[in-house]
Amino acid sequence: MEADVTMDKLVSLCKRRGFVFQSSEIYGGLSSAWDYGPLGFELKNRIQSFWWREMTQLHDNIVGLDASILMHPRVWEASGHVENFTDPLVDCKRCKLRFRADQIPEENLEKLECPKCGGQLTEPRNFNLMFKTHIGPVEDDGSAVVLRPETAQGIYINFRNVLQSSRQKIPFGIAQVGKVFRNEITTKNFTFRTCEFEQMEMQYFIHPSEDLKWFDFWKQTRIDYYEKLGIRSGKLRFHRHSADELAHYCRDAYDIQYEYPFGWQELEGIHNRTDYDLKRHSDYSGKDLSYLDEVSRERYIPYIIETSVGLTRTVLIVLLDAYDEEQVEGEKRVVLRLHPRLAPVTVGVFPLVKKDGLADMAREIAQSLKEEFTTFYDQGGAIGRRYRRQDEIGTPFCVTVDYQTKEDNTVTVRFRDSMEQTRIRVDELAACIDSGVKAYERVGQ
Ligand code: ATP
């Protein structure tokens, strides 16, 4: 049965096996910045590709974009970020720690008393979360730019370009994945909230009269996506923004929340942003961003339904959701029950022993599987140990070559979740793994 996953267990596995490392570790670490190691990078890439497939490839009317991180400063005036992208912060005058005013206990805020040392806090001040830098050699106001805090604005300002070049008609969407930066007060929850992270966003441009229909469509499509990703449905829920949470330009907004070890928190946001964004960019740029329906001859500013999720936060929930421990023959087995589509290694290939030509046969099989699957060859240690090492990184299939292979060209395939083993012919191996990936179903919701 599922054992409770804690953040400590996950952080330790991630470091031990090369999923995620603390940034700048050899210099004592940079707080809230993380590096993705060999396996973490693979996992992140697979999640990104899966999202891309689901959000563009499966829809004729959704196209991609890769906008730059640095944009004209007016973009952030038009978007409202210069004015509103702030957190209320309080500083402790004694211990110098800084807190988000909305994240400390209410009595501390009322008394302006530091929750760590009891010292006096400053009154809350609004602090803009955008990182500032300069373009070119002169550091003056004219050269100031910010690192984008979301990918969405790069999509809105290219609305006309995409519309004209791709001949899309409303409804249509533009999808983008990329790095964003927010100078946040971060909590200690590993990669949950970081100053630098990646977002996967899709902005869907629609006729204003169809907003309810498309909002419901994307809510449903996005929750279904997590099931395809192998996430247990019991760990996900919708949270509708109350009137005081709702951004002033949003008509309706839902978060998809995940139950992290530290409680239910946001994973993704789905927002009905109305015509706010294109109207603002029309006003600020002086360019007409309206749309002309060629059939009805109606001209209007499209509404936007946005789906926005953190890629790095998705990596975190995929790992948390997959982590499991169980007792097997008196020993603890740590297993990542990753969907085989996402597992960094799909097939482990082992010779039972190195000698008598078994290693060569196993290498040859591993090589032939490489065309289609990510494989890992391992000849070190007892076979049980080798299985455990693959379980811990979520490898769904292991293939073992033994003496019988020499006689009848069959191998053992061992399945990660059930630990069942079956004997099949080498020439059936690729098809067996392929159908195992496609037919995978997670047990236990
Ligand atoms: P919060 O209110 O928690 O700061 P937000 O509502 O501002 O977050 P959005 O701007 O809607 O978040 O961002 C969309 C998605 O980007 C979030 O659902 C989350 O998955 C991810 N995200 C936001 N901030 C961070 C962060 N600091 N680190 C990692 N991922 C983040």
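Remember, it's 1-based here, ligands and their atoms both numbered in the order they're listed. Worth saying up front: this structure is predicted, and the values here are computed from it rather than measured.
A search for side-chain contact (heavy atoms from CB on, under 4.5 Å) contacts involving Ser23 returns Leu30, Ala33, Asp35, not counting sequence neighbours.
Note that atom 20 (O) of ligand 1 has protein non-hydrogen atoms nearby, at separations under 4.0 angstrom.
Of the N or O atoms in Glu184, one or more lie within a sub-3.5 Å distance of an N or O in ligand 1. Residue Thr194 has at least one N or O atom closer than 3.5 Å to an N or O atom of ligand 1. For the pair Arg182 and ligand 1, the shortest N or O to N or O distance falls below 3.5 Å. Among the atoms of Gly310, some N or O lies under 3.5 angstrom from an N or O of ligand 1. Residue Leu267 has at least one N or O atom closer than 3.5 Å to an N or O atom of ligand 1.
Contacts between Gln199 and ligand 1 below 4.0 angstrom, taking non-hydrogen atoms only, involve the side chain exclusively. Within the 4.0 Å heavy-atom criterion, the part of Glu268 lying near ligand 1 is the backbone and not the side chain.
With contacts defined as side-chain heavy-atom distances shorter than 4.5 Å, the pair Pro302/Leu278 qualifies. Residues Thr133 and Phe181 are not in side-chain contact: their nearest non-hydrogen atoms beyond the backbone lie 4.5 Å or more apart.
Counting only heavy atoms of the protein, atom 25 (C) of ligand 1 lies nearest to Phe197 CZ, 3.2 Å. Nearest protein heavy-atom neighbour of atom 4 (O) of ligand 1: Arg193 NH1, 2.9 Å. Of all protein heavy atoms, the one lying nearest to atom 14 (C) of ligand 1 is Ser308 OG, 3.0 Å.
A side-chain donor from one of Asp417 and Tyr440 sits under 3.5 Å from a side-chain acceptor of the other. A donor-acceptor contact closer than 3.5 angstrom links the side chains of Gln203 and Glu306.
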(request) Evaluate the criterion side-chain hydrogen bond (donor to acceptor under 3.5 Å, both in side chains) for residue pair Glu266 and His239; output intermediate values, then yes/no. (result) CA-CA 9 Å; Glu266 177 172 343; His239 162 77; over 6 Å; no

(request) Using the side-chain hydrogen bond (donor to acceptor under 3.5 Å, both in side chains) rule, take Tyr204 and Asn61 through it: C-alpha gap first, then chi angles, then the decisive distance, then the call. (result) CA-CA 9 Å; Tyr204 204 65; Asn61 64 343; 2.9 Å; yes

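Within the structure, side-chain hydrogen bond (donor to acceptor under 3.5 Å, both in side chains) contacts touching residues 108-126 (residues at least two apart or in different chains) are Asp91-Arg125.
Residue-ligand proximity, Phe192 to ligand 1, at heavy-atom distances under 4.0 Å covers atoms 28 (N), 29 (C), 30 (N). Counting the atoms of ligand 1 from 1 in the order shown, those under 4.0 Å from a heavy atom of Glu266 are 6 (O), 11 (O), 12 (O), 17 (C), 18 (O).
For the pair Arg98 and Phe127, the cation sits on the ring face: its NZ or CZ lies under 6.0 Å from the ring centre, inside 45° of the axis.
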